[in-house]
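These notes are about the structure you will find just below.
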Amino acid sequence: MNKIQNALEEIKRGCAEIIDEPRIEKLLTNYYENGENYFVKAGFDPTAPDLHLGHYVLIHKLATFQRFGGIVQFIIGDFTASIGDPTGKSETRKILNKEDILKNATTYKEQIFKILDKDKTNIVFNSKWLYELGIDGLISLASNMTVARMLERDDFSKRYKSNTPIAISEFTYPLLQGYDSVYLKSDIELGGTDQKFNLLVGRTLQKVYNVGKEQSVLMMPILDGLDGVQKMSKSLNNYVGLQDEANEMFAKLMSISDDLMWEYYNLLSIKNANEINQMKEDVKNEKLHPKKAKEDFAKEIVDRFHSDGDGEKAREEFNSIFQKKELPSDIKEVEIEDGTWIAKAIVIAKLESSTSAVRRLIKQNALKIDDIALNDENLKLKQGIYNIKLGKKRFVKLKVI
RNA sequence: GGUGAGUUACUCAAGUGGCCAAAGAGGGCAGACUGUAAAUCUGCUGGUUUUACCUUCGAAAGUUCGAAUCUUUCACUCACCA
């Protein structure tokens, strides 16, 4: 296999759909024969302060392109964030204020260079050219799209049918994202499969505005969240943040289902397809315990976002807590007054939000003091130190003084 | 602008004067079983030292012994017409 074919294989790995693949091949050929680079665009709305593993699927693919001559156009959608991408949303998104957007954007910059090559990355803010577009520009931009076509979009049509409001501003979102491609003269745009409509608008607009090229589109599957049901997102609290502390990151990854683990391997591991298939086979034949496979994956990810060896440390901590049922090493300590009612103390320690909830948990044998289940919900704490375990995951050390 | 329909807990959704802290489903939490996996079974899922009381059904005011339920005003959403 020659270099070009090899590069193409790497690029295609794990991706869901490619539109205009021959064009990508031409760009690669041109790179290898003439040393000419090309532009790969991906946009991120700075709507949350940090990125999670779901975003990493795309960023990883951008890094792959950088290895084969791609110059990354990393768009921080500061302007479009103020509209709110309607993709996958069932209702109009809240509009963020400027300060939050800028703050988030700064954190983004810090995080992506854990992965991307600085010399081959242009970070750009789309407010730069979208402000210049002006009202007349916007109107002529909007004349390139019909309401009927907009309503072809699955999420719009669903909302329309179910009588959920759609703001006109949301219709402008795909247009503005598409205009980014016009302004930047992108060759390839990356996005999730849910972005298909927006990505295709980019192609259409490049043609209308005579950019002289129509971008190829490469779509990656959407990473499922830890629950394995909905896509990974901060608001659903089923995400692994890139900045998560090592032990937490490890524990979160261990909680995914076995089926989902293969999906994660496929989209996030540096292991190649053959290795992954071999593991899958071994698990099936019971040569490899699925828990071991999951640990290896969790270790790989923790090592990548922290430093080498942190994954192994996290694994040891994890097993000591959950296998040997020991307490975590960095357990939170809270001081409590003598004679405090146990339920009140748990609320003070912020393990639960109400004493009613704690009462219920006590009735369900979920509260353990020094590893012994408490059955007296009226208990008042006397002086001393108590290790409290609430359910499987919540711990606190109470110092009663 | 006109006409009609609607707004119930985290989400969907029942309830149309008292038996309503409000059915059911999903989600979540907990217990059992496990590999803190999945699946399954069981229980819980407004608050308060809790056989009781307090605050909730878009907002406010009213009718009533008693209101999620009836009346009025307001806000918001949707459909049709313009």
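So you know, we letter chains A, B, ... as the sequences are listed, proteins then strands, and number each from 1.
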Exercise. Mind checking who rC19(B) pairs with, Watson-Crick or G-U wobble, both distances under 3.5 Å?
Worked result: none

Exercise. Taking 4.0 angstrom as the limit, do K313(A) and E316(A) come out as a salt bridge?
Worked result: no

For this session: Starting at atom CG of L253(A), determine the distance to atom C1' of rG35(B), rounded to an integer number of angstrom.
Result: 15 Å

Seminar exercise, completed: In Watson-Crick or G-U wobble terms, with both distances under 3.5 Å, the base opposite rU51(B) is none

Problem set entry | Whole-angstrom distance between rA9(B) and rA5(B), as gauged at atom P | 22 Å

Exercise. What integer distance in Å separates R315(A):CZ from rG35(B):C1'?
Worked result: 13 Å

Exercise. So with a 6.0 Å cut-off around NZ of K271(A), is the heavy-atom count from everything else above 12?
Worked result: yes

For this session: In whole angstrom, give me the gap between the C1' atoms of rG15(B) and rU40(B).
Result: 33 Å

Exercise. Could you state the CD1-P distance from I256(A) to rU34(B), rounded to the nearest angstrom?
Worked result: 23 Å

For this session: Give me the ring orientation class for Y183(A) and W129(A): parallel if the planes are under 30° apart, tilted from 30 to 60°, perpendicular past 60°.
Result: parallel

Exercise. Ignoring hydrogens and angles, are the base of rG27(B) and the side chain of D227(A) linked by a donor-acceptor pair under 3.5 Å?
Worked result: no

For this session: Over 60° means perpendicular and under 30° means parallel, so classify the ring planes of F305(A) and Y56(A), tilted if in between.
Result: perpendicular

Problem set entry | Test salt bridge (charged side-chain N to carboxylate O under 4.0 Å, His left out) applied to D296(A) and K292(A), step by step | CA-CA 6 Å; D296(A) 286 349; K292(A) 176 79 172 65; 3.1 Å; yes

Exercise. If you draw a 6.0 Å radius around NZ in K332(A), do more than 12 non-hydrogen atoms from other residues or ligands fall strictly inside?
Worked result: yes

Exercise. In whole Å, what is the span from the CG atom of L288(A) to the P atom of rG35(B)?
Worked result: 15 Å

Exercise. Distance between the P atoms of rA13(B) and rG17(B), in whole angstroms?
Worked result: 22 Å

Problem set entry | Any-strand Watson-Crick or G-U partner of rA59(B), both distances under 3.5 Å | rU73(B)

Exercise. Is there a Watson-Crick or G-U wobble partner for rA13(B) with both distances under 3.5 Å, and if so, which one is it?
Worked result: none

Exercise. Once you round it to whole Å, what is the distance between P of rA37(B) and CZ of F322(A)?
Worked result: 10 Å

For this session: Just name whichever nucleotide pairs with rU64(B), Watson-Crick or G-U, keeping both distances under 3.5 Å, else none.
Result: none

For this session: Using a heavy-atom cut-off of under 4.0 Å over every strand shown, decide if A251(A) touches base, sugar-phosphate, or nothing.
Result: base

Exercise. According to the Watson-Crick and G-U wobble definitions, with both distances under 3.5 Å, which nucleotide is paired to rG4(B)?
Worked result: rC78(B)

For this session: Using the C1' atom on both, measure rU16(B) against rG26(B) and round to a whole Å.
Result: 26 Å

Exercise. F322(A) and F318(A): ring-ring contact (aromatic ring centres under 6.0 Å, His included), yes or no, with the steps?
Worked result: CA-CA 6 Å; F322(A) 295 109; F318(A) 180 83; 5.1 Å; yes

Problem set entry | Inter-nucleotide P distance (rC76(B), rA82(B)), Å rounded | 24 Å

For this session: Could you work out the separation of rG1(B) and rG18(B) based on their P atoms and round it to a whole Å?
Result: 39 Å

For this session: Scan D258(A) against the nucleic acid and name what it touches under 4.0 Å (heavy atoms): base, sugar-phosphate only, or nothing.
Result: base

Problem set entry | Over 12 non-hydrogen atoms of neighbours within 6.0 angstrom of NZ in K213(A) | yes

Exercise. Which base sits across from rC33(B) as a Watson-Crick or G-U pair, both distances under 3.5 Å?
Worked result: none

Problem set entry | rC12(B) to rU64(B) separation - C1' atoms, rounded to the nearest Å | 33 Å

Could you run down the sub-3.5 Å N/O contacts of the protein with nucleotides 43-51 of chain B?
| residue | atom | partner | partner atom | Å |
| --- | --- | --- | --- | --- |
| rG43(B) | N2 | Q364(A) | OE1 | 2.6 |
| rG43(B) | N3 | Q364(A) | OE1 | 2.9 |
| rG47(B) | OP1 | S354(A) | OG | 2.8 |
| rG47(B) | OP2 | R360(A) | NH1 | 3.3 |
| rG47(B) | OP2 | R360(A) | NH2 | 3.3 |
| rU48(B) | OP1 | T355(A) | N | 3.2 |
| rU48(B) | OP1 | T355(A) | OG1 | 3.4 |
| rU48(B) | OP2 | T355(A) | N | 3.2 |
| rU48(B) | OP2 | T355(A) | OG1 | 3.1 |
| rU48(B) | OP2 | S356(A) | N | 2.8 |
| rU48(B) | OP2 | S356(A) | OG | 2.7 |
| rU48(B) | O5' | T355(A) | OG1 | 3.4 |
| rU49(B) | OP2 | T355(A) | OG1 | 2.9 |
| rU49(B) | O2 | N378(A) | OD1 | 3.0 |
| rU49(B) | O4 | K380(A) | NZ | 2.6 |
| rU50(B) | O4 | S356(A) | OG | 2.9 |
| rU50(B) | O4 | R359(A) | NE | 3.1 |

For this session: Specify the separation, in whole Å, of atom OH of Y264(A) and atom P of rA37(B).
Result: 16 Å

Exercise. Expressed in whole Å, how much space separates the P atoms belonging to rG31(B) and rU51(B)?
Worked result: 26 Å

For this session: Would you mind checking if K299(A) and D310(A) are paired as a salt bridge, meaning a charged N to carboxylate O distance below 4.0 Å?
Result: no

Problem set entry | Sequence neighbours excluded - ring-ring contact (aromatic ring centres under 6.0 Å, His included) pairs with any residue from residues 348-368 of chain A | none

Problem set entry | Full working for side chain to side chain contact (heavy atoms under 4.5 Å, CB included) between I336(A) and Y386(A) | CA-CA 11 Å; I336(A) 299 289; Y386(A) 304 92; over 6 Å; no

For this session: Provide, to the nearest angstrom, the distance between the CG atom belonging to L374(A) and the P atom belonging to rG31(B).
Result: 14 Å

For this session: Check the distance between rA37(B)'s P and H289(A)'s NE2 and give it to me in whole angstrom.
Result: 12 Å

Exercise. Looking at residues 383-394 of chain A, who's got a heavy atom less than 4.0 Å off RNA chain B?
Worked result: G391(A), K392(A), K393(A), R394(A)

Exercise. So does K291(A) get a side-chain nitrogen or oxygen closer than 4.0 Å to the phosphate oxygens (OP1/OP2) of rU34(B)?
Worked result: no

